[in-house]
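All heavy atoms count here, side chains included; hydrogens, waters and symmetry mates do not. If you're wondering where the values come from, they're calculated on a predicted model, not measured in any experiment. In each ligand, atom 1 is the first atom listed, and ligand 1 is the first ligand listed.
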Amino acid sequence: MRIKKSWVGLISLAAIIVAGCATGAGTVSEESLGLRKTNLYTETSTTGDATNYNKAEAGKSTKFERAFENAPPMIPHNTDGMLPIKIGNNACTGCHMPEVAADMKATPIPASHFASFRPKTAIAADGRITKEGKEVDNTSDFKTVTHKLDTLSSARFNCSQCHAPQSTQEPVVGNTFTPDFSKNGAKRSNLIDVINEGVQ
Ligand code: HEC
Ligand code: HEC
């Protein structure tokens with residue numbers, strides 16, 4: 001089936017090209033077929049666009065639009081000297097912890113990072129699984145539980161695991177996706193409130 005489908009694609013592409021020529025549209029150049037406008041048969045003169053991270057210091061950068069509700073926001077400022085994050089050296093928390101964020105004009109680390117979503121789980125000798133004190137047959141039926149923590153969750157310590165700087169390069173193919181934000185979702189995340197959204 002797969003082979004046949006790709007043949008159909010090839011034949012229609014050929015038909016388009018032939019039709020293009022026949023109607024006097026001229027020949028289609030190899031260079032115009034790909035997204036890169038260079039010779040398709042060699043890589044030697046083909047280089048990717050340079051990555052272009054924001055040079056603006058924290059406090060002077062412009063935030064990026066969120067890709068969708070509760071997407072981890074991209075880092076808009078320079079991270080020179082901040083990475084890699086080490087156990088005794090996490091510059092990010094120095095500006096983003098809720099108690100200092102307002103003074104630093106930084107977005108505070110959200111409530112979801114001060115919570116554990118892992119259910120208390122036990123497995124009995126007979127293999128029966130208990131989650132949050134309830135025996136469960138199918139572990140995927142279990143709703144997410146939220147255990148609020150007094151400190152930043154250790155699962156969130158390594159910020160750059162999820163938050164990355166974003167290159168200001170123009171994408172080769174424009175993005176036409178428009179996210180559907182509820183309430184303040186476009187500016188502030190609310191994951192902790194909607195963690196079970198869509199779960200039956
Ligand atoms: C010197 C203080 C400072 C440090 C250190 C810092 N930030 Fe920031 N951060 C800011 C400020 C202020 C903003 C808001 C944009 C601006 O004004 O530049 C911001 C914006 C952000 C945003 C975008 C938030 C949004 O609402 O869109 C993210 C994500 C972020 N920082 C992550 C990090 C991470 C991860 C680190 C560590 C690698 C870090 N920051 C280190 C001050 C800081
Ligand atoms: C496991 C992935 C992960 C890690 C690690 C992580 N974040 Fe996040 N972060 C997210 C996601 C997903 C969101 C958006 C949804 C939410 O609220 O949790 C977010 C949201 C944020 C926001 C936006 C808050 C708002 O109100 O809009 C800030 C600021 C932030 N994180 C900072 C940090 C910093 C600083 C660290 C390190 C101390 C960190 N994050 C570690 C995934 C992560």
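On a distance-only criterion, His77 and ligand 1 share at least one N/O pair closer than 3.5 Å. Taking distance alone, with nitrogen or oxygen atoms compared against 3.5 Å, Thr107 stays at or beyond that limit from ligand 2. Between Lys187 and ligand 1, not a single N/O pair is under 3.5 Å apart. Polar contact check, His113 against ligand 2: a nitrogen or oxygen pair lies under 3.5 Å apart. Any N or O atom pair closer than 3.5 Å counts here, and Phe64 shares no such pair with ligand 1.
Checking His96 against atom 8 (Fe) of ligand 1, an N/O/S atom falls under the 2.8 Å cut-off.
Residues Ile109 and Pro98 share a closest heavy-atom pair of O-CG, 3.7 Å.
Contact check on Lys55 versus Asp80 returns no salt bridge, with no Lys/Arg side-chain nitrogen under 4.0 Å from an Asp/Glu carboxylate oxygen. Under the 4.0 Å criterion applied to side-chain N and carboxylate O atoms, Lys120 and Glu132 are not assigned as salt-bridge partners.
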Under the side-chain contact (heavy atoms from CB on, under 4.5 Å) criterion, do Cys92 and Cys159 qualify, and how do the steps go?
CA-CA 8 Å; Cys92 320; Cys159 319; 3.7 Å; yes
Could you walk me through whether Ser182 and Glu69 pass the side chain to side chain donor-acceptor pair (under 3.5 Å) check?
CA-CA 8 Å; Ser182 66; Glu69 184 156 74; 3.0 Å; yes
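Summarising the local packing, CG of Asp126 is surrounded by more than 12 heavy atoms from other residues, nucleotides or ligands at distances under 6.0 Å. In Glu197, the CD atom is not crowded: 12 or fewer heavy atoms of neighbouring residues, nucleotides or ligands sit closer than 6.0 Å. Other residues, nucleotides and ligands contribute over 12 non-hydrogen atoms within 6.0 Å of the CG atom of Asn138. More than 12 non-hydrogen atoms from other residues, nucleotides or ligands lie less than 6.0 angstrom from CZ of Phe177. Atom CD of Glu65 sits in a sparse spot, with 12 or fewer heavy atoms from other residues, nucleotides or ligands closer than 6.0 Å.
With a heavy-atom cut-off of 4.0 Å, Cys159 touches ligand 1 through its side chain alone. Residue contacts with ligand 2, taken as heavy atom pairs separated by less than 4.0 Å, involve Ala71 solely via the backbone atoms N, CA, C and O. Counting heavy atoms under 4.0 Å from ligand 1, residue Met82 touches it through the side chain alone. Counting heavy atoms closer than 4.0 Å to ligand 2, residue Ser189 contributes atoms from both its backbone and its side chain. The part of Pro73 lying near ligand 2 is the side chain, judged by heavy-atom distances below 4.0 Å. Of all the heavy atoms of Glu69, none lies under 4.0 Å from any atom of ligand 2, so neither backbone nor side chain is involved. Residue Asn158 touches ligand 2 through its backbone alone, judged by heavy-atom distances below 4.0 Å.
With a 4.5 Å cut-off on side-chain heavy atoms, Val145 and Arg118 do not count as touching. When side chains are defined from C-beta on, Pro72 counts as touching His163, because their heavy atoms get closer than 4.5 Å. At least one side-chain heavy atom of Met97 sits less than 4.5 Å from a side-chain heavy atom of Phe114. Between His113 and His96, the closest side-chain pair of non-hydrogen atoms is not below 4.5 Å. Asn70 has its side chain within reach of Ser189: a pair of non-hydrogen atoms, C-beta onward, lies under 4.5 Å apart. Using a 4.5 Å heavy-atom threshold, the side chains of Phe117 and Thr146 count as touching.
Per-residue contacts place Arg156 under 4.0 angstrom from the following atoms of ligand 2 (heavy atoms of the residue considered): 1 (C), 2 (C), 3 (C), 4 (C), 5 (C), 7 (N), 10 (C), 36 (C), 37 (C), 38 (C), 39 (C), 41 (C), 42 (C), 43 (C). Distances below 4.0 Å separate heavy atoms of Leu152 from the following atoms of ligand 2: 38 (C). Every atom of ligand 1 with a heavy atom of Leu83 under 4.0 Å away is listed here by number and element: 38 (C). For ligand 1, the atoms sitting less than 4.0 Å from at least one non-hydrogen atom of Lys60 are 17 (O), 18 (O), numbered in the order shown with element in parentheses. Atoms of ligand 2 lying under 4.0 Å from at least one heavy atom of Ser112, given by number and element, are 16 (C), 17 (O), 18 (O). Listed by number with element, the atoms of ligand 1 under 4.0 angstrom from any heavy atom of Ile75 are 32 (C), 34 (C), 35 (C). Taking every non-hydrogen atom of Leu191 and a distance limit under 4.0 Å, the qualifying atoms of ligand 2 come out as 15 (C), 16 (C), 17 (O), 18 (O). Atoms of ligand 1 found under 4.0 Å from any heavy atom of Met104, numbered from 1 in the order shown, are 12 (C).
Scanning the protein for heavy atoms near atom 14 (C) of ligand 2, the closest one is Asn70 O, 3.5 Å. Summary of contacts: the protein heavy atom closest to atom 1 (C) of ligand 1 is Cys95 SG, 2.8 Å. Protein heavy atom in closest approach to atom 18 (O) of ligand 1: Ser61 OG, 2.5 Å. For atom 13 (C) of ligand 1, the closest non-hydrogen atom of the protein is Ala106 CA, 4.0 Å. Of the protein's heavy atoms, Cys92 SG, 2.7 Å lies nearest to atom 38 (C) of ligand 1. Nearest protein heavy-atom contact of atom 42 (C) of ligand 1 is Ala58 CB, 3.5 Å. When hydrogens are left out, the protein atom nearest atom 22 (C) of ligand 1 is Pro76 CD, 3.4 Å; that is the closest non-hydrogen contact. Among all non-hydrogen protein atoms, the one lying nearest atom 28 (C) of ligand 2 is Pro110 CD, 3.7 Å.
For the residue pair Asn54 and Asn78, no side-chain donor N or O sits within less than 3.5 Å of a side-chain acceptor on the partner.
Within the structure, ligand 2 has Ala155 among the residues with a heavy atom less than 4.0 angstrom away. Put simply, no part of Arg188 is less than 4.0 Å from ligand 1, judged by heavy atoms.
Distance check: Arg66 CZ to Met74 CE gives 12.0 Å after rounding to the nearest 0.5 Å. Between the CD atom of Glu170 and the CG atom of Asp49 there is a distance of 10.5 Å, given to the nearest 0.5 Å.
Of the listed residues (Ala91, Gly59, Cys162, Pro108), the one carrying the non-hydrogen atom nearest atom 5 (C) of ligand 1 is Ala91. One option in Gln166, Gln161, Arg66 has a heavy atom closer to atom 26 (O) of ligand 1 than any other, and that option is Arg66.
Shortest distance from atom 8 (Fe) of ligand 2 to His163 is reached at NE2 (N/O/S atoms only).
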